[in-house]
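Below you'll find the structure, written out as structure tokens, and then a few comments.
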Number of protein chains: 2
Amino acid sequence: MAEKDKVTIYDISKKLNISAATVSRALNNNPKISQKTKELVMKTAAKMNYKQNKLAQALKSGKTHNVGVIVPYINRNFFSSVIRGIEEELSPHGYHVIICQSHEDVNNEIKQIDTLLNTQIDGIFMSVAKTTQDTDHIEKVLKENTPLVFFDRKKDVTGLSSVTIDDFRGGYLATEHLIKQGCKKIAHFSGDLNLEIYKNRHEGYIAAMKDYGIEPIKEFSLQVNSKLESGASAIQDLWSEDEKPDAIFSASDYAALGAIQELKKMGVKIPEEVCVVGFSNEPFTKYMELPITSVDQTPVEMGRNAAKVFLEQIEGSKTLTIEKKVVLAPELYIRDSSNRNL
Amino acid sequence: MAEKDKVTIYDISKKLNISAATVSRALNNNPKISQKTKELVMKTAAKMNYKQNKLAQALKSGKTHNVGVIVPYINRNFFSSVIRGIEEELSPHGYHVIICQSHEDVNNEIKQIDTLLNTQIDGIFMSVAKTTQDTDHIEKVLKENTPLVFFDRKKDVTGLSSVTIDDFRGGYLATEHLIKQGCKKIAHFSGDLNLEIYKNRHEGYIAAMKDYGIEPIKEFSLQVNSKLESGASAIQDLWSEDEKPDAIFSASDYAALGAIQELKKMGVKIPEEVCVVGFSNEPFTKYMELPITSVDQTPVEMGRNAAKVFLEQIEGSKTLTIEKKVVLAPELYIRDSSNRNL
DNA sequence: TACTTTAGTGCAATCGATTACAAAATTATA
DNA sequence: TATAATTTTGTAATCGATTGCACTAAAGTA
């Protein structure tokens, strides 16, 4: 079969000696077309192996049935799981998911948004980069009347919906759990406080401490990258002081693991002397010999919900802008790294 | 800004009192347009916030600059890493990546291919599902003259390119390493032998054994799923016999981990009594307290290479069909689970 | 039988950009 | 100054599907 074998409605119309309009209507099951004609067209279309050109249809209708998803990196478990959720929810509705990576850089984010808008996607899902401060590029999307749904890492822009987990509660739960294990001097490894999620987790930590009558120590709140080495060196810093923590609540599983490895190296017993809790419930946390307690973010659910918000938005009346904030409940998975009552 | 604010070349042409053709040519830097006009058009376009409608362009040119990637599940580390490679290689060339999941089911694969072809993608990348036997749906892609590049899990279809790792060599390397650690009774956990990759790993295992003068025992070749429990129960099966292995080479990291956990439970010392090697170099393997030796598949590189093959294919003359088989070298990461000479 | 409905189709414009080909404007040449 | 050569721009068709409006043919009514 050669390249030019694409069958169009014109080919069908010629073969049947009817107009392309009739063919189009017949294929779309338009009530104005007689049953006979419809069946004839359908059969002929099938016989000729006709495939609708979605491109032409998209140009005419203005709907491509493509959505874009912008994430920092696609091969992080959390993000690929969210994307899985989005894909599985949208696929039955005929949408395709285009993926873009920001590499944690606003400039890439800006470019990606631009090219996505040019390709006429029907909507955008995104988790902003760490470096994103300004929201001009995001407001541009809003102005073009393209639905945008944030997930996990959002920015406050009026008119835009978001799906997140209750990070405050995640932080609170983790901290409360540690307190209930008898820990009092709980240190917190926070991520980049430019991101709401980390700020909220931190606030949850503070709130839990206060609720249980423990005054949080300032020196015990550290900003730590999501890397093993960062967690390890944070432990070194903490242990170089006189006052040492009896628990670590890390906003990142990676930093938590680094901390655990470093503590073991120093001969500190976990969870007897120090309890450790991470965040994200990365796959590896449950595989460890000393499985790590962690807060699950239900990423697939997050993706599904984001997709649902999007669908509501486009299926609703176009004039009405919906601003919906969906907040999912985080779940604490208690494992050996913090469980003293075995 | 209202929905209908999309600026077209006609809007520009009206504003400047010139034809749309001239505007189009000016924007495309056509040499037939005078410098003055070009600059005027450019400036006006920028001022009016003109954005090229890629859809219209795609309909005209027949090129959407979209490619589809079909994988079993997008949130498996290996697949999302390959996709990352594809995206990073193609993005600078103006391509967008659409992702599809087959959920390891041929029927979904068939549907995905159909809808991708309808949306006029410029190419398809795919790793077939475990259940894929028949290749009719794949040959259909070939007939439509749409480039298709397999990665990792391929099918032999003449005219189609693929990028894989040398699984035979991966199996050989792993087995050879075990032999060099002094192991003689090496068991192999194979995956679904319907997939070439597992067959090849198995053959590499057999070949290494024979090369080192060890006759492989049939009962030591088990078909084991890529799950912890499967690895664990395989160990139970093996240890219920008199003749027990002194090493496990698992074609899956998950099964390897399950095996390790089960062996530890039974009090078997690793690597002293039994050495274990996995496959895929999943992130968790290096994080374990007993890090697991594994064969790396260089997924990001695989994606990049697949993308390059695709680009060659479409940039080359259209009449010439390229069938390129790229085979990447796997790399063995030796870790504590099999390293006796510390 | 003559006229009104109604069902079923066709014509032609549209979505936005591209591009042969034709035509006009400009410059060069005699 | 008239004509040829060269630039520059415009006209109109095209990509494939959709749809308002017009029109034909068949059925219904008086």
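Note that the structure is predicted; figures quoted are calculated from it, not measured. Just so we're on the same page: letters track the sequence lines, and every chain starts at 1.
Contacts of B:Leu55 with the nucleic acid, taken as non-hydrogen atoms under 4.0 Å apart, are absent. At a threshold of 4.0 angstrom between heavy atoms, the contacts of A:Ser34 are confined to the sugar-phosphate backbone, with no base atom among them.
Under the side chain to side chain contact (heavy atoms under 4.5 Å, CB included) criterion, B:Lys308 pairs with B:Glu89, not counting sequence neighbours.
Straight-line distance from the CG atom of B:Asn28 to the P atom of D:dT9: 15 Å, rounded to whole Å. A straight line from CG of B:Leu40 to P of D:dT8 spans 15 Å, rounded to a whole angstrom. Atoms CD1 (A:Ile18) and C1' (C:dA7) sit 16 Å apart, rounded to a whole Å. The distance between atom NZ of A:Lys60 and atom P of C:dA12, rounded to the nearest whole Å, is 16 Å. Rounded to an integer number of Å, the gap from A:Leu27 CG to D:dA17 C1' is 10 Å. B:Met48 has its CE atom 13 Å from the P atom of C:dG16, to the nearest Å. One can place CD1 of A:Ile9 at 13 Å from C1' of C:dG10, the figure rounded to the nearest angstrom. As rounded to whole Å, 9 Å separates atom P of C:dT19 from atom CG of B:Asn30.
A close approach under 4.0 Å does not occur between any side-chain nitrogen or oxygen of B:Tyr10 and OP1 or OP2 of C:dT14. Within the 4.0 Å cut-off from OP1 or OP2 of D:dG16, not a single side-chain nitrogen or oxygen of A:Gln57 is found. One finds a side-chain N or O of B:Ser19 lying less than 4.0 angstrom from the OP1 or OP2 phosphate oxygen of D:dG10. Residue A:Asn53 places none of its side-chain N or O atoms closer than 4.0 Å to OP1 or OP2 of D:dC15. Distances shorter than 4.0 Å separate some side-chain N or O of B:Thr37 from OP1 or OP2 on D:dT9. The phosphate of C:dT18 (OP1 or OP2) has a side-chain N or O of B:Gln52 nearer than 4.0 angstrom.
The pair A:Lys155-A:Glu196 does not count as a salt bridge, with every side-chain nitrogen at least 4.0 angstrom from each carboxylate oxygen. Between A:Arg153 and A:Glu109, no side-chain nitrogen of the basic residue sits less than 4.0 Å from a carboxylate oxygen of the acidic one, so the salt-bridge criterion is not met.
Of the candidate nucleotides D:dT11, D:dT9, C:dG10, C:dG10 has the atom nearest to the side chain of A:Ala21. Each of D:dT18, D:dT11, C:dT9 was ranked by its minimum atom distance to the side chain of B:Arg25; first place goes to D:dT11. Of the listed nucleotides (D:dA17, C:dA17, C:dG10), D:dA17 has the atom at the smallest distance from the side chain of A:Tyr50. Nearest nucleotide to the B:Leu59 side chain, out of D:dT9, D:dC15, C:dG10: D:dC15.
Where A:Lys32 and B:Val23 each meet DNA chain D at their nearest nucleotide, the meeting point lying more 5' is that of B:Val23.
The environment of NZ in B:Lys51 is crowded: more than 12 heavy-atom neighbours from other residues, nucleotides or ligands sit within 6.0 Å.
Using bins of under 30°, 30° to 60° and over 60° for the plane-to-plane angle, the ring pair A:His103/A:Tyr73 lands in the parallel bin.
B:Thr64 and B:Asp122 form a side-chain donor-acceptor contact under 3.5 Å, judged by distance and modelled atom types alone.
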